[in-house]
Peer 1: 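Handing you this structure, nothing more for now.
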There are 2 protein chains.
Amino acid sequence: MAKRAQTTRVGISDVAAKAGVSLATVSRVMNGNLSVDPQIATRVRATATELKYQPNPTGRNLARGKTDTVGVVVPDLGNPTFQSVLRGVSRAAALDGYRVLIADSSEVSSEESILASEARRRCDGVVLCAPRMSPAELEELAPSLYPMVLVNRTTDATSSPSVIVDYGKGIQDLAAHLMELGHTRLAYVAGPESSASNGLRLAGLATFREANPSIEIQVLPNGSTFEDGYNSAAAVLDSGATGIMAFNDLTAMGLLSNLNERGIRVPAELSVTGFDDIPFARYTTPALTTADVPIVEVGEQAWRQMRDLLNSPEGNDAGASTPEGVTRTFSPSLVVRGSTAAPASKAQ
Amino acid sequence: MAKRAQTTRVGISDVAAKAGVSLATVSRVMNGNLSVDPQIATRVRATATELKYQPNPTGRNLARGKTDTVGVVVPDLGNPTFQSVLRGVSRAAALDGYRVLIADSSEVSSEESILASEARRRCDGVVLCAPRMSPAELEELAPSLYPMVLVNRTTDATSSPSVIVDYGKGIQDLAAHLMELGHTRLAYVAGPESSASNGLRLAGLATFREANPSIEIQVLPNGSTFEDGYNSAAAVLDSGATGIMAFNDLTAMGLLSNLNERGIRVPAELSVTGFDDIPFARYTTPALTTADVPIVEVGEQAWRQMRDLLNSPEGNDAGASTPEGVTRTFSPSLVVRGSTAAPASKAQ
DNA sequence: AGAAAACGAGAAAGCGCTTTCTCAACCGTT
DNA sequence: AACGGTTGAGAAAGCGCTTTCTCGTTTTCT
């Protein structure tokens with residue numbers, strides 16, 4: 001083995017030698033093991049400080065069989081939603097002494113499984129955000145990733161803890177809000193087809209339709225970006241709807257921008273709603289009515305589920321007392337601002 | 001040592017046993033060492049696949065003395081700038097087979113040094129974003145963090161590679177743009193005092209003043225958020241300036257929002273510029289004139305500097321051939337949009 | 001006071017790999 | 001046919017810790 005020259009980092013044996021004790025004792029002291037003579041402990045600690053000794057994490061990791069690190073797999077680090085999840089996990093995990101390793105698949109979903117597995121091997125667990133992964137692939141991947149926590153997905157056969165946002169309820173709240181204002185013709189400017197959360201919104205709308213047969217709800221296929229929203233204006237106007245629910249705040253803002261250019265007044269002529277309540281939503285003109293999604297909290301909760309998993313007894317498939325399969329749901333909350341009002345026909 | 005029951009992960013020795021070779025040979029095959037009989041290599045590979053063997057990273061890390069991980073220290077994961085740096089580093093590093101570990105100090109700058117050191121111990125190197133850290137502290141910390149790459153900071157005594165954005169030039173470009181439009185009274189709505197990049201802007205303005213003594217430039221102390229921008233409107237109007245340079249796009253948008261409420265037309269009565277060219281800048285009303293900062297590229301470049309450091313010969317303080325102390329500068333580029341025009345007095 | 005229990009610290013065995021070191025088998029020379 | 005020179009793979013020594021095992025001491029109980 002190569003022998004690094006002088007600058008070799010100070011190791012546990014250096015401390016042991018200088019303090020006149022064995023490696024074991026130094027280790028015990030560093031780990032707060034109580035069964036060490038307080039006097040010796042103090043001496044060891046002093047020596048450690050003097051020598052600026054810092055235990056090598058890799059050595060510890062190998063010996064303890066854990067890394068105090070959790071992986072977060074996201075499909076796109078540029079997406080504000082995942083950035084917020086990441087932040088939530090990172091901050092919550094930090095409070096428990098864990099660090100976060102990033103695995104960004106850059107939307108190459110074919111790499112997602114591999115990336116997740118690799119992250120799992122390096123970490124004690126993974127938080128998986130994989131909205132586009134097929135259910136079958138997810139189901140197959142899940143067992144090998146244990147412990148794992150899902151964000152905005154659930155597994156069926158395998159039961160993994162999940163943290164999900166009830167997009168269905170959120171969109172229903174928005175639709176109900178528009179209905180109460182007097183709108184009878186609504187349109188949903190949809191998100192990407194493969195998006196799971198778009199599916200949940202559609203399901204929510206289906207439920208709403210059943211409960212309120214008198215309300216018309218059109219679905220206009222579209223995307224998820226500001227640009228997509230901007231480009232949806234023509235279809236929106238063609239639809240004849242007066243209450244428009246955009247996939248998210250970004251597309252709502254794009255739509256708003258185009259409508260503004262066309263001289264169409266919001267909310268006088270058309271009501272528009274967003275989804276997510278991103279920081280900018282309150283500053284658009286008019287300010288956006290939307291459904292607030294506490295996405296950072298989703299990340300925090302994901303960590304807590306992970307922590308429970310990590311602390312739970314070894315036997316992972318045992319009985320009913322394990323925290324397995326717990327699903328924590330966050331409901332978006334309606335935020336009414338200036339972009340919605342009674343429809344023109346009834347208002348005036 | 002505790003003996004994990006049945007589900008013990010398949011290790012290198014399992015492969016060796018099943019393939020009828022020694023551990024060493026399996027290791028050699030897995031690492032592409034050529035000095036292995038092709039026939040044996042094939043057999044080993046087949047066994048590895050059959051057994052679904054995946055080398056344990058921790059073991060490798062310890063044996064090789066490296067972790068294939070780089071730490072990114074940021075003061076606030078909620079800040080779009082650092083999110084982008086993080087993304088840049090993460091994607092670029094991934095291409096070289098490295099992963100990123102996050103260290104978010106959550107703006108608790110007293111913890112920054114400790115956090116950075118800890119990240120360094122877990123990783124092969126650190127990319128440090130610490131705009132508020134005092135030069136003295138940075139200088140003291142630098143040696144112990146080697147290899148380290150700085151973002152938007154430089155060290156003096158210690159020479160660490162840096163990737164910086166020339167904020168001074170950017171603000172001068174904006175000032176020059178306003179001057180060319182005919183503005184003679186400018187105001188800079190400053191960022192946080194402790195912010196290094198705010199200091200660079202101020203220095204840039206000082207240079208500009210020297211070169212253009214006829215132009216008045218007031219400095220209005222302020223902050224860095226949308227809210228801060230919104231609240232700066234009164235001071236801005238008091239100043240009597242006609243060309244307003246905001247600290248960044250966020251504050252510019254806040255200012256714009258307030259001015260809009262007051263019925264003050266932009267750019268007819270007042271010209272406003274931002275800084276950063278965040279995605280929303282083009283969608284404000286009017287669209288924001290700003291200085292584009294290629295911040296993701298900054299992150300990518302930071303990784304490249306890090307890679308050079310990691311690949312450079314051991315002796316880190318040796319001669320002139322090392323990539324030490326290389327500073328890569330990115331210049332913001334002026335993006336003229338609708339929020340700037342000739343001042344009212346001259347325009348009409 | 002003698003034996004049992006409790007304690008505290010050192011020795012040593014790993015954790016799962018990589019990489020020397022070592023040596024047998026094989027090659028081509030004169 | 002004997003010999004230095006290659007190859008190629010196994011044996012073994014770590015990498016820097018943690019944790020059991022072990023055993024000499026001290027305390028406690030009857």
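A, B, ... follow the sequence lines: proteins, then strands. Residue 1 opens every chain.
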Peer 1: Have a look at Thr25(A) and say if it touches a base, only the backbone sugar-phosphate, or nothing, with a 4.0 Å heavy-atom cut-off.
Peer 2: sugar-phosphate
Peer 1: So does Tyr53(B) get a side-chain nitrogen or oxygen closer than 4.0 Å to the phosphate oxygens (OP1/OP2) of dC17(C)?
Peer 2: yes
Peer 1: Can you work out whether Val26(A) or Ala24(B) has the more 5'-proximal nearest nucleotide on DNA chain D?
Peer 2: Ala24(B)
Peer 1: What is the distance from CG of Asp37(B) to P of dA25(C), rounded to the nearest Å?
Peer 2: 16 Å
Peer 1: Does Asn31(B) reach a base, just sugar-phosphate, or nothing at all? Heavy atoms under 4.0 Å.
Peer 2: sugar-phosphate
Peer 1: Less than 3.5 Å between a donor and an acceptor, one on the side chain of Arg64(B) and one on the base of dG16(C), is that the case here?
Peer 2: no
Peer 1: Please report, rounded to the nearest Å, how far the C1' atom of dC17(D) is from the CZ atom of Arg122(B).
Peer 2: 14 Å
Peer 1: Given dG8(C), dA9(D), dG16(C), which nucleotide is nearest the side-chain atoms of Ile40(B)?
Peer 2: dA9(D)
Peer 1: Within a radius of less than 6.0 Å around CD of Glu50(A), do more than 12 heavy atoms belonging to other residues, nucleotides or ligands occur?
Peer 2: yes
Peer 1: Rounded to whole angstrom units, what separation is found between the CG atom of Asp14(A) and the C1' atom of dC17(D)?
Peer 2: 13 Å
Peer 1: Using whole Å, what does the distance between atom P of nucleotide dG8(C) and atom CZ of Arg43(A) come to?
Peer 2: 15 Å
Peer 1: Kindly point out which of dA11(C), dG10(D), dG16(C) is positioned nearest to the side chain of Asn56(B)?
Peer 2: dG16(C)
Peer 1: Choose from dC17(C), dG16(D), dA9(D) the nucleotide whose nearest atom is closest to any side-chain atom of Ile12(B).
Peer 2: dC17(C)
Peer 1: NZ of Lys66(B) versus P of dT19(C): gap in Å, rounded?
Peer 2: 10 Å
Peer 1: What is the distance from CZ of Arg60(B) to P of dC17(D), rounded to the nearest Å?
Peer 2: 21 Å
Peer 1: Could you check if a side-chain atom of Ile295(B) sits within less than 4.5 angstrom of a side-chain atom of Phe330(B), using non-hydrogen atoms only?
Peer 2: no
Peer 1: Would you indicate which nucleotide in dG8(C), dC15(D), dC15(C) comes nearest to any side-chain atom of Leu62(B)?
Peer 2: dC15(D)
Peer 1: Between Leu23(A) (CG) and dC15(D) (P), how many Å, whole number?
Peer 2: 12 Å
Peer 1: Would you kindly say whether Tyr53(B) and Lys18(B) are connected by a side-chain donor-acceptor distance under 3.5 Å?
Peer 2: no
Peer 1: Assess whether a salt bridge exists between Asp76(B) and Arg91(A), defined as any Lys/Arg side-chain N lying under 4.0 Å from an Asp/Glu carboxylate O.
Peer 2: yes
Peer 1: I'd like to know if the side chain of Ser27(B) and the backbone of Leu23(B) have a donor-acceptor N/O pair within less than 3.5 Å.
Peer 2: no
Peer 1: For the pair made of CZ in Arg28(A) and P in dC21(D), what is the distance, rounded to whole Å?
Peer 2: 13 Å
